[in-house]
There are 2 protein chains.
Amino acid sequence: MTRAEDTRERILFGAEEVVLRDGVAHLTLEAAASQAGISKGGILYHFHTRAALVTAMVQRLSSSFDADLEREGGLSGRPGAFTKAYLQATFGSSGEVAEGRQRRLGAAVIAGVAADPELLEPLRERFVAWQHALVADGLSPASASLVRLAADGLWFTELLGLAPLEEDLRSSVRDELLAHLDSALAPHPAPTASQARTGRGTRHPRGGKNAP
Amino acid sequence: MTRAEDTRERILFGAEEVVLRDGVAHLTLEAAASQAGISKGGILYHFHTRAALVTAMVQRLSSSFDADLEREGGLSGRPGAFTKAYLQATFGSSGEVAEGRQRRLGAAVIAGVAADPELLEPLRERFVAWQHALVADGLSPASASLVRLAADGLWFTELLGLAPLEEDLRSSVRDELLAHLDSALAPHPAPTASQARTGRGTRHPRGGKNAP
DNA sequence: GCGGGTTTACCGTCTGGACGGTAGAGTCGC
DNA sequence: GCGACTCTACCGTCCAGACGGTAAACCCGC
């Protein structure tokens, strides 16, 4: 049991490694095998088909993000907590280590979409669930969705290396999103003298339903 | 000439079609060929190698977006114009038609990253240029980048079908981003009576450099 | 506590098919 | 009749998956 699960982990880890290093096109069973220090037959014992391997990679990704959300307090039930957790889980606390992990996990998506779009189905379902949680988080749906889009955008651009933001700009954006989030939490803040009201633009714009 | 360019277009169009319908894995020369109503040899006349085909798809994507930016007035030089154009070009004016086009063009990215990450190099350069233009657009770098991330996030989630926003939520978010953008343009708005001031949260947070 | 049987975990080889790319022979407009 | 364009074989390679084998781990009656 422990033995087998350990090997499984090594295989998944190795597969991610291959994708990041050589690109998805080079993710063959043999490549993943040798990366994990195992034979091709060995891989096929754990994953009956190549698609099964990729699926496992994708599932690993979404459950990892779920864990992050919980660790960031997204399930506390406090209004805005989920959105904030979504933001923090994506932007990460310390950018250095997190980035590698983000990219590592993103490799799964790349592998998934490359192999066959329908392998992303389980991931799609998770995204729908997250979107549900976001719009029902106590903020206006638009504000929560805005935060989500920005977070997803960050992840995406860093994943593909499409002009990812520099460290300091990145944290400025995060701060700005956090501020936006706070202001969206208190739409009618009974303006207390000098404390600037940051509201408006975030009064509830009709009760949005959620993603398809 | 016209004849050849026409065929070239048909090939690129067909290739996108295949990616969207069957997934990147099925984008073979033969598949693209038969989609374009041509033979494999015919394709190889126009694109000496498969990589050349994918590269052309990617270039088509970025120049198309550049055209959108210009059409949206992004090159007017007015402060904030580029950021606004970036936003509008991504969110599109009418969501129906635009979405198909977005996905169609996104197919190129998928194809690129799947085949070989380094085929995205030209696209990376474009992204860097856009990011440059954004941070130098007259708003705070963080505000401009925030808008960019949200736009990229929208594109990405719609591309992969990862819980894309519904039509009305989508436009709510766009409106909120536009409001954010306006407020970032006028950081010290000399509050004119009842007109709500939407500022703060966007005062310039140090002069961020731009992406690597 | 030992031998026979079963399961688990893995290995190495083989094959059928797909795919990128090549060679060369048309075809057709000008 | 030339050159741009397109076609039809064809080759070599690569890879997923099948398959048969092996060796250790684990029962389990006795």
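Chain A is the first sequence line, chain B the second, and so forth, proteins listed ahead of strands; every chain is numbered from 1.
Atom pair B:L53:CG and C:dC19:C1' shows a separation of 14 Å (rounding to whole Å applied). Counting to the nearest Å, the C1' atom of C:dT8 and the CZ atom of A:R8 are 15 Å from each other. Look at CG on A:D6: it is 15 Å from C1' on C:dT8, rounded to the nearest Å.
Between A:T7 and C:dA9, a side-chain N or O to OP1/OP2 separation shorter than 4.0 Å is absent. The side chain of A:H46 places no N or O atom within less than 4.0 Å of a non-bridging phosphate oxygen (OP1 or OP2) of C:dA9. For C:dC10, the OP1/OP2 oxygens have no side-chain nitrogen or oxygen of A:Y45 closer than 4.0 Å.
Without hydrogens or angle criteria, A:S143 side chain to A:S140 main chain gives no donor-acceptor distance under 3.5 Å.
Each ring-ring contact (aromatic ring centres under 6.0 Å, His included) pair with one or both residues in residues 53-74 of chain B, not counting sequence neighbours, appears once here: B:F65-B:Y86, B:F65-B:W130. Sorted pairs that involve residues 20-44 of chain A and meet ring-ring contact (aromatic ring centres under 6.0 Å, His included), not counting sequence neighbours, are lacking altogether. Residue pairs satisfying the side-chain hydrogen bond (donor to acceptor under 3.5 Å, both in side chains) criterion with at least one member in residues 34-43 of chain A, sequence neighbours excluded, are listed as follows: A:R21-A:Q35.
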task = Going 5' to 3' through nucleotides 9-22 of chain D, assign each nucleotide B (protein heavy atom under 4.0 Å from a base atom), S (under 4.0 Å only from sugar-phosphate atoms) or - (no protein heavy atom that close).
result = ------SBB-----

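B:I38 comes within contact range of the sugar-phosphate backbone alone, with a heavy-atom separation under 4.0 Å but no base atom that close.
Every residue two or more places apart in sequence or in another chain that forms a side chain to side chain donor-acceptor pair (under 3.5 Å) with B:D137 is listed here: B:T83. When the ring-ring contact (aromatic ring centres under 6.0 Å, His included) test is applied to A:F47, no partner is found at least two apart in sequence or on another chain.
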